[in-house]
Amino acid sequence: MTPSANRGLSRRAFVRTAVAIGGAPALDACIERWGAPDAARPPDGGQSLPERQFAWDESVATDEAGNHLGPRHRVLLYLDYAREGEPTDADRERTEAALGSLERAYEWSNDGLLFTVSYSPAYFERFGADLPESVELPEPEALSSFEDPALDRPDAVVHLASDHGEAVLAAEEALMGDRESLGDVEMQASLADAFERVDRRTGFIGDGLPAENQDVAGIPDSEPVPEDAPLYMGFKSGFRKNQASEDRVAIESGPFADGTTQQISQIRLRLDDWYGEQDHDERVGEMFCPFHAEEGLVEETGEELGDSSRVEECPEDLDATAREHGRIGHAQKNATVREDGSPIILRRDFNSTDGDEAGVHFLSLQRSIADFVKTREAMNGTEQTRNLEIRQRVNNGILEYTFVKRRGNYLLPPRSRRALPTPRSG
């Protein structure tokens, strides 16, 4: 179904559907209904862009509590370099020209367009040289005894994000050589000159979007997702005090200083039991911790928590929580790997209906992939299974409802080295 086939959709749902479908017909359907994308353009004097590609926090909207709100519409483009061996200087120039064209067309903000380009371990293998010691980028792997994800090894991933789905679609079309201009900005080149697209994944985040898009596999037919929830599981996430800072996740030295590492897991959700067998307090206990449920800290989606999930108020002794309540919380487990009281990964995940099933693209940024591994191992709660009521996937946070399908690791270089970088210089 093309978006134009259903005139009963709200604009938000229509655009979300168009982004999921992709391609020129989807973009044309949006333009036919509402005109050209109304995303913000750069100021007349141009824009000064940060060296950190992932420096989004100063450029996105915030809620009343100061939490950063991720752009509503997302596309992940999985790309392979189109030639054998090391990239050519001509391909580097074309890649940089294509990315620079986007920056001339759209303001660097959620109201314009934010994007990053990252590279996998497989990409760097072509050089026959190791990455510098300041970069830790292992191959992706399964991180628990109960998962068996397919391992993503594309050469590169482009992450496009905007509150305007039409802008994401137009940027994708232009990058892949199917659109010659964006507004009055002519594309100087396209990524199609150097890359082949091998996969495309999409998603969304924001109040109301999950509820408008819950008619998919993995969610009960009763449409239980709260109308104002920003994510399928019904609760707010990304509290400012529960996120690593951009400084904390930045690589500090070497040729990739001001870059970071990126991990992307594609997760399938099965929420029939989440909504069908658990009441609100039980969901609170498993998402946050039983203390939150006992004290009534989360009334609906968690807006009342402000800028913190208040996970620091959960008991640190997971075994004691398990003995007393017969369950332990997801956030409670992850809090055990904080350093100096602060988180070590920066989450920029979002929901998805790829494959017509409810899912999450769990995208995290961290200085080292080891920080993500440490966080995932804490989430597994394996040691707590010595308590009789805690099983590996039951009463153990949200593991019962999440299934990792795919995982990939990437290096996200600084802006000045984003175009087909070498391991050491240039």
**Residue pair D148, K405: steps toward the salt bridge (charged side-chain N to carboxylate O under 4.0 Å, His left out) verdict** = CA-CA 7 Å; D148 185 25; K405 296 177 61 177; over 6 Å; no

**Request:** Decide yes or no for T321 and C289: does some side-chain heavy atom of the first lie under 4.5 Å from some side-chain heavy atom of the second?
**Result:** no

**Request:** Run the ring-centre check on H73 versus F204 and record whether the distance is less than 6.0 Å.
**Result:** no

**Message:** If you apply the rule side-chain contact (heavy atoms from CB on, under 4.5 Å), what do you find for F239 with L305, and how did you get there?
**Reply:** CA-CA 9 Å; F239 297 97; L305 292 172; 3.8 Å; yes

**Request:** Work out which heavy atom in N334 is nearest to a heavy atom in T375; give both atom names and the distance.
**Result:** OD1-O, 3.6 Å

**Message:** Within the 4.5 Å heavy-atom criterion, are K236 and E304 side-chain neighbours or not?
**Reply:** no

**Message:** Using every non-hydrogen atom in the two residues, find where P230 and I205 come nearest and quote the distance to one decimal.
**Reply:** O-CG1, 3.7 Å

**Prompt:** Under a 4.5 Å cut-off applied to non-hydrogen side-chain atoms, are P42 and E103 in contact?
**Reply:** no

**Request:** Please test L297 against F291 for side-chain contact (heavy atoms from CB on, under 4.5 Å), starting from the C-alpha separation and ending with a verdict.
**Result:** CA-CA 8 Å; L297 299 183; F291 171 82; 3.7 Å; yes

**Item:** Closest non-hydrogen atom pair between S352 and D354, with its separation
**Value:** OG-N, 2.9 Å

**Request:** Kindly indicate, with the supporting measurements, whether the criterion side-chain hydrogen bond (donor to acceptor under 3.5 Å, both in side chains) is fulfilled by Q366 and S364.
**Result:** CA-CA 7 Å; Q366 51 281 310; S364 66; 2.8 Å; yes

**Request:** Kindly confirm or rule out a cation-pi arrangement of R415 over W108, judged by NZ or CZ under 6.0 Å from the six-membered ring centre and within 45° of its axis?
**Result:** yes

**Request:** Evaluate the criterion salt bridge (charged side-chain N to carboxylate O under 4.0 Å, His left out) for residue pair E400 and R391; output intermediate values, then yes/no.
**Result:** CA-CA 10 Å; E400 183 179 354; R391 299 296 86 211; over 6 Å; no

**Asked** Ignoring hydrogens and geometry, is there a side-chain-to-backbone donor-acceptor pair from T260 to V249 under 3.5 Å?
**Response** yes

**Message:** For R16 and N213, which I'm curious about, is there any donor-acceptor pair between the side chains at under 3.5 Å?
**Reply:** yes

**Asked** Side-chain contact, heavy-atom cut-off 4.5 Å: V157 with L77?
**Response** no

**Message:** Check whether Y78 forms a cation-pi arrangement with R201 (NZ or CZ under 6.0 Å from the six-membered ring centre, at most 45° off the ring normal).
**Reply:** yes

**Asked** So is R270 actually on top of Y401's ring, under 6.0 Å and inside 45° of the axis?
**Response** no

**Item:** Sidechain-backbone polar pair: E389 side chain, R327 backbone, donor-acceptor under 3.5 Å
**Value:** no

**Message:** Within the 3.5 Å criterion, strictly below it, is a donor on R407 or S265 matched to an acceptor on the partner's side chain?
**Reply:** yes

**Derivation and outcome, side-chain hydrogen bond (donor to acceptor under 3.5 Å, both in side chains), residues S416 and E51** = CA-CA 7 Å; S416 58; E51 176 68 348; 2.4 Å; yes

**Asked** Can you name the one residue among Q263, Q262, R418 that meets side chain to side chain donor-acceptor pair (under 3.5 Å) with S118?
**Response** Q262

**Item:** Parallel, tilted or perpendicular, as decided by the 30° and 60° cut-offs, for the rings of H159 and W56
**Value:** tilted

**Message:** Do M287 and Q278 make a side-chain contact, defined as non-hydrogen atoms from C-beta onward lying under 4.5 Å apart?
**Reply:** no

**Request:** Might you point out which heavy atoms bring P132 and P423 nearest each other, and give the distance in Å?
**Result:** CD-O, 3.1 Å

**Message:** Quick check against the 3.5 Å criterion: does Q214 have a side-chain atom that pairs as donor or acceptor with the backbone of V225?
**Reply:** yes

**Request:** Give a yes or no on whether the backbone of E282 and the side-chain of D279 come within a donor-acceptor separation of less than 3.5 Å.
**Result:** yes

**Item:** Under 3.5 Å donor-acceptor, E246 side chain and D57 backbone
**Value:** yes

**Asked** Do the ring centers of F288 and F235 come within less than 6.0 Å of each other?
**Response** yes

**Asked** Does atom CG of D221 have more than 12 heavy-atom neighbours from other groups under 6.0 Å away?
**Response** no

**Message:** Regarding D111 and H164, do their side chains bring together a donor and an acceptor under 3.5 Å, going by distance alone?
**Reply:** yes

**Request:** Measure the shortest side-chain to side-chain distance between F195 and L420 over non-hydrogen atoms and say whether it is less than 4.5 angstrom.
**Result:** yes

**Prompt:** Under the 3.5 angstrom rule, does the side chain of R126 hit a backbone N or O of Y123 as a donor-acceptor pair?
**Reply:** yes

**side-chain hydrogen bond (donor to acceptor under 3.5 Å, both in side chains) between S368 and E136, worked out** = CA-CA 5 Å; S368 165; E136 189 262 340; 2.5 Å; yes

**Request:** Would you please test F403 and E147 for side-chain contact (heavy atoms from CB on, under 4.5 Å) and show each step?
**Result:** CA-CA 7 Å; F403 299 82; E147 67 173 27; over 6 Å; no

**Message:** Are there over 12 heavy-atom neighbours, none belonging to D215, within less than 6.0 Å of that residue's CG?
**Reply:** no

**Asked** Hey, which of R74, R200, R179 is the one that makes salt bridge (Lys or Arg N to Asp or Glu O under 4.0 Å) with E172?
**Response** R200

**Request:** Rounded to the nearest 0.5 Å, what's the gap from OG1 on T261 to CD1 on I251? Could you check?
**Result:** 6.5 Å

**Message:** Whether the D307 and N67 side chains hold a donor-acceptor pair (N or O, under 3.5 Å, no angle test) is what I'd like checked.
**Reply:** no

**Item:** Note, R72 side chain near R12 side chain (heavy atom, < 4.5 Å)
**Value:** yes

**N/O donor-acceptor pair under 3.5 Å between R417 side chain and P414 backbone** = no

**Asked** Should R348 and Q243 be marked as a side-chain contact (heavy atoms from CB on, under 4.5 Å) after you check the CA-CA gap, both sets of side-chain angles, and the distance that decides it?
**Response** CA-CA 10 Å; R348 286 185 173 155; Q243 291 269 57; 5.5 Å; no

**Request:** Decide yes or no on side-chain hydrogen bond (donor to acceptor under 3.5 Å, both in side chains) for N380 and K333, but give the supporting numbers first.
**Result:** CA-CA 8 Å; N380 291 341; K333 290 183 293 181; over 6 Å; no

**Prompt:** Under 3.5 Å, side chain of N396 to main-chain N/O of R393, donor-acceptor pair present?
**Reply:** no

**Item:** E227 atom CD, neighbour heavy-atom count above 12 within 6.0 Å
**Value:** no

**Prompt:** Under 4.5 Å between any side-chain heavy atoms of P138 and N409, yes or no?
**Reply:** yes

**Message:** Whether the R104 and S101 side chains hold a donor-acceptor pair (N or O, under 3.5 Å, no angle test) is what I'd like checked.
**Reply:** yes

**Request:** Classify the ring geometry between F372 and F362 as parallel (under 30°), tilted (30 to 60°) or perpendicular (over 60°).
**Result:** tilted

**From CA spacing to verdict: salt bridge (charged side-chain N to carboxylate O under 4.0 Å, His left out), R310, E295** = CA-CA 12 Å; R310 298 177 62 176; E295 297 297 316; over 6 Å; no

**Item:** Test salt bridge (charged side-chain N to carboxylate O under 4.0 Å, His left out) applied to E166 and R33, step by step
**Value:** CA-CA 11 Å; E166 302 95 327; R33 264 198 165 191; over 6 Å; no

**Request:** First locate atom CE of M233, then atom CD of E286, and finally report the distance between them rounded to the nearest 0.5 Å.
**Result:** 8.5 Å

**Complete:** Heavy atoms of A65 and G306 approach each other most closely as CB-C, 3.4 Å

**Shortest non-hydrogen contact between F115 and L102, atoms and distance** = CE2-CB, 3.9 Å

